[in-house]
Amino acid sequence: MNYPIIAKELLALLGGKDNLQALAHCATRLRLALKDDSIVDEDAIGDLDGVKGQFKVAGQYQIIFGSGIVNQVYAEMAKLTGMSDMSTNDVASAGAQKQNIVQRAVKGLSDIFVPIIPAIVAGGLLMGIFNLLTAQGLFIDGQSLIEANPGLADLASMINTFANAPFVYLPVLLAFSASKKFGGNPFLGAALGMLMVHPDLLNGWGFGGASVAGTIPTWNIFGFEIQKVGYQGSVLPVLVSAFILAKVENGLRRFIPSVLDNLLTPMLAIFIAGFLTFTLVGPITRDIGFLLGDGLSWLYDSAGFVGGALFGFIYAPFVITGMHHSFIAIETQLLADIAVTGGTFIFPIAAMSNVAQGAAALAVAFTTKDTKLKGIAMPSGITALLGITEPAMFGVNLKLRYPFIAAIIGAASASAFITLFNVKAQALGAAGLPGVISITPDKIAYYVAGMAISFAVAFGLTLVLGARERVKASKAATA
C-alpha cells in the first residue's frame with residue numbers, strides 16, 4: 001500500500017486541510033473532527049485502498065482501516081496537516097461542539113461510567129464465580145460445589161467479599177469519575193463518595209426495612225431532622241452530588257484568596273455538598289433512581305416477551321445514536337440491587353442484538369462476490385459476535401440496509417425468547433458469545449438458545465432479503 005498517496009487522496013476527499021478540526025487514531029480507526037461533513041465524498045473514501053468502513057458518531061467522522069494500517073495512514077495524514085500532537089480526547093472535544101444537548105448528556109454519562117467499568121466487570125464476574133460455586137445442581141445433582149467440597153467454603157466466602165466491594169463502594173468510584181468529568185477535584189469527589197457510604201450511616205440496603213419499622217436514625221440539628229442513611233449501590237444521588245461539589249468548589253475559588261484556597265476551599269466544598277446531599281439531593285434523587293430502575297423493570301416484567309422484543313428491536317438504533325451508553329447507569333443500579341432485581345435484563349438483550357448484527361454481516365460475507373466487502377464483512381461479523389458491533393453495523397449492515405433490518409428482527413425475536421424465560425445477567429462483560437459467563441447459572445441454557453435464535457433469524461433473513469435485492473438490481477439493469 002502506498003500510504004502517502006492514500007493519505008493525500010483521503011485528505012482531498014475530506015474537503016482539504018482547512019476542513020479538519022482535529023485528527024487522531026485508535027487501534028483500528030482514524031478519528032476526525034470536521035468543520036463541514038457535507039463536503040465529504042463518502043463513496044470515494046469507501047473505494048480507497050485499505051478502507052474497511054466509515055461512520056459518524058458523537059460528532060466525529062471515523063474511518064476504519066484496521067490494526068497496523070491505521071498507524072501508517074495517520075502518520076502520513078499528520079505530516080500533511082501538522083496535527084501530530086492531537087489525541088482522541090481532542091477529537092472528542094471538537095466533535096462534542098456539534099452535538100445537541102441530549103447527545104452531550106449521553107456522552108457525559110459515558111465519560112463517567114466507562115473508566116469504572118473494569119471495576120464493575122471484575123466484581124460482577126467474581127460474583128458469577130461465587131454463584132457457580134454455590135449453585136445447587138449445576139455440576140452435581142442436588143449439591144453445590146462447596147457442599148460437595150467443604151474445603152472450598154472459605155474460598156467462596158473470600159470471592160464473595162471481593163465481588164461485593166465495587167458495588168458496596170460504588171459511590172466512591174462514581175464520585176471520583178464524575179467530579180473529574182465536571183471539572184472538580186476527583187479526590188474531593190472520592191471523599192464525598194466515602195462520606196455517602198460511611199459506616200456510621202444506616203446501610204442504604206437496609207433503608208426499606210428501617211423505613212417500615214420506623215427506626216431510621218437521624219441527626220437533630222436545631223430541631224431539623226436529617227436522615228443518617230448511606231447510599232450504597234446508588235447512582236443518581238452520587239452523580240448529582242458530585243456535580244454540586246464541583247460547582248461549589250470552583251465557585252469558592254473565585255472569591256477565596258489564593259493564600260487560603262488549600263485551607264478553606266476543600267473544607268467548605270465538602271461541608272456544603274455533603275449537607276445538601278443528606279438534606280435535599282440524596283432523598284429526592286434516591287427515590288427518582290429507584291423509580292427509574294423499578295419503572296424499566298416493571299415494563300420488562302409486565303410487558304413480557306412483547307416488551308423484550310421491542311427493546312431488542314430498538315437496541316441497535318440506540319447504538320447508532322450512542323444513547324445506549326445511558327443504559328450503563330441503569331444496569332449499574334440493577335446490579336447493585338441484585339438481591340432484589342435478580343440482575344440486569346439489559347445486558348442479555350444487548351448480547352442478542354450484537355449477535356444478530358454479527359450474523360447479518362457474516363451472511364453478507366457468505367453471499368457477496370465483492371472481494372473488498374467480503375474482507376470487511378467476515379472479520380467485522382466475528383468481532384460483533386464477540387461484542388463489538390460498530391465495524392459490522394457501520395461498515396456493512398447500515399451501508400447495505402437490508403442486513404441491518406434482518407439483524408434488528410433477529411434481535412427482537414431472540415429478546416422475546418429470553419424475556420419469556422426471564423434471563424438476566426449478574427455481571428457486565430462482553431455482550432455476545434463470551435457473555436455466557438455473566439448470566440445467572442440457571443439461565444445459561446436459555447441464553448445460549450437465544451443467541452442461536454438471534455443468529456439463525458438474522459443470518460437467514462439476510463440471505464432472503466439479499467436475494468430479493470439482487471433480483472431487483474437485475475431487473476433494474478435489464479430495464
Side-chain angles (χ1 to χ4, degrees), residues 109 112 164-179 181-182 184-253 255-256 263-298 329-330 332-341:
L109 274 178
I112 292 169
N164 287 330
F167 298 103
V168 171
Y169 296 102
L170 179 64
V172 180
L173 298 173
L174 268 180
F176 182 93
S177 183
S179 295
K181 172 63 180 177
F182 296 140
N185 185 321
F187 295 98
L188 275 181
L192 179 64
M194 294 173 192
L195 171 61
M196 297 177 76
V197 292
H198 196 285
D200 281 353
L201 304 173
L202 171 68
N203 190 298
W205 286 303
F207 174 73
S211 179
V212 173
T215 57
I216 298 176
T218 60
W219 287 293
N220 194 312
I221 303 174
F222 301 116
F224 181 52
E225 290 192 345
I226 304 171
Q227 293 180 339
K228 296 171 61 175
V229 180
Y231 291 88
Q232 286 84 354
S234 295
V235 173
L236 192 57
V238 185
L239 296 180
V240 177
S241 295
F243 176 80
I244 292 173
L245 174 66
K247 297 307 175 186
V248 169
E249 178 193 350
N250 291 324
L252 288 170
R253 286 209 163 95
F255 62 86
I256 290 180
L263 181 67
L264 295 180
T265 300
M267 178 190 71
L268 291 174
I270 283 290
F271 179 79
I272 294 171
F275 185 81
L276 291 175
T277 293
F278 287 99
T279 55
L280 293 174
V281 176
I284 294 172
T285 53
R286 177 177 55 214
D287 291 341
I288 293 174
F290 286 155
L291 286 173
L292 287 173
D294 292 345
L296 203 53
S297 296
W298 176 86
I330 300 173
T332 304
Q333 185 72 66
L334 291 171
L335 289 173
D337 296 329
I338 195 168
V340 176
T341 63

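Side-chain atoms are counted along with the backbone in the values below, which use heavy atoms only and exclude waters and symmetry mates.
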(request) Of all the heavy-atom pairs spanning Lys228 and Asp200, show the shortest one and how long it is. (result) CE-O, 4.0 Å
(request) Mind checking the CE-CG spacing from Met196 to Leu170? Nearest 0.5 Å is all I need. (result) 10.0 Å
(message) I need the minimum non-hydrogen distance between Thr265 and Glu249, along with the two atoms involved.
(response) CG2-O, 3.8 Å
(request) Would you name the heavy atoms of Phe176 and Pro186 that are closest together and state the gap between them? (result) CD1-O, 3.1 Å
(message) Testing the basics here: between Leu201 and Gly230, what is the closest heavy-atom pair and its distance to 0.1 Å?
(response) CB-N, 3.7 Å
(request) Would you mind telling me which of Ile112, Asn250, Leu245 makes a side chain to side chain contact (heavy atoms under 4.5 Å, CB included) with Phe182? (result) Ile112
(message) So, taking the atom named OG1 in Thr218 and the one named CD in Gln227, what distance separates them when rounded to the nearest 0.5 Å?
(response) 8.0 Å
Only pairs under 3.5 Å count here: list side-chain donor-acceptor contacts from residues 267-280, not counting sequence neighbours, and write none if there are none.
residue: Thr277; atom: OG1; partner: Ser241; partner atom: OG; Å: 2.9
residue: Thr277; atom: OG1; partner: Ala273; partner atom: O; Å: 2.7
residue: Thr279; atom: OG1; partner: Phe275; partner atom: O; Å: 2.7

(request) Using a 4.5 Å cut-off on heavy atoms from C-beta on, say whether the side chain of Ile221 contacts that of Ile226. (result) yes
(request) Supply the atom-to-atom distance Thr215 OG1 to Leu202 CG, rounded to the nearest 0.5 angstrom. (result) 7.0 Å
(message) If I compare all heavy atoms of Ser179 with all of Ala242, which pair ends up nearest, and what's the gap?
(response) OG-CB, 3.8 Å
(message) Measuring only between side-chain heavy atoms, which start at C-beta, is Val168 closer than 4.5 Å to Val197?
(response) no
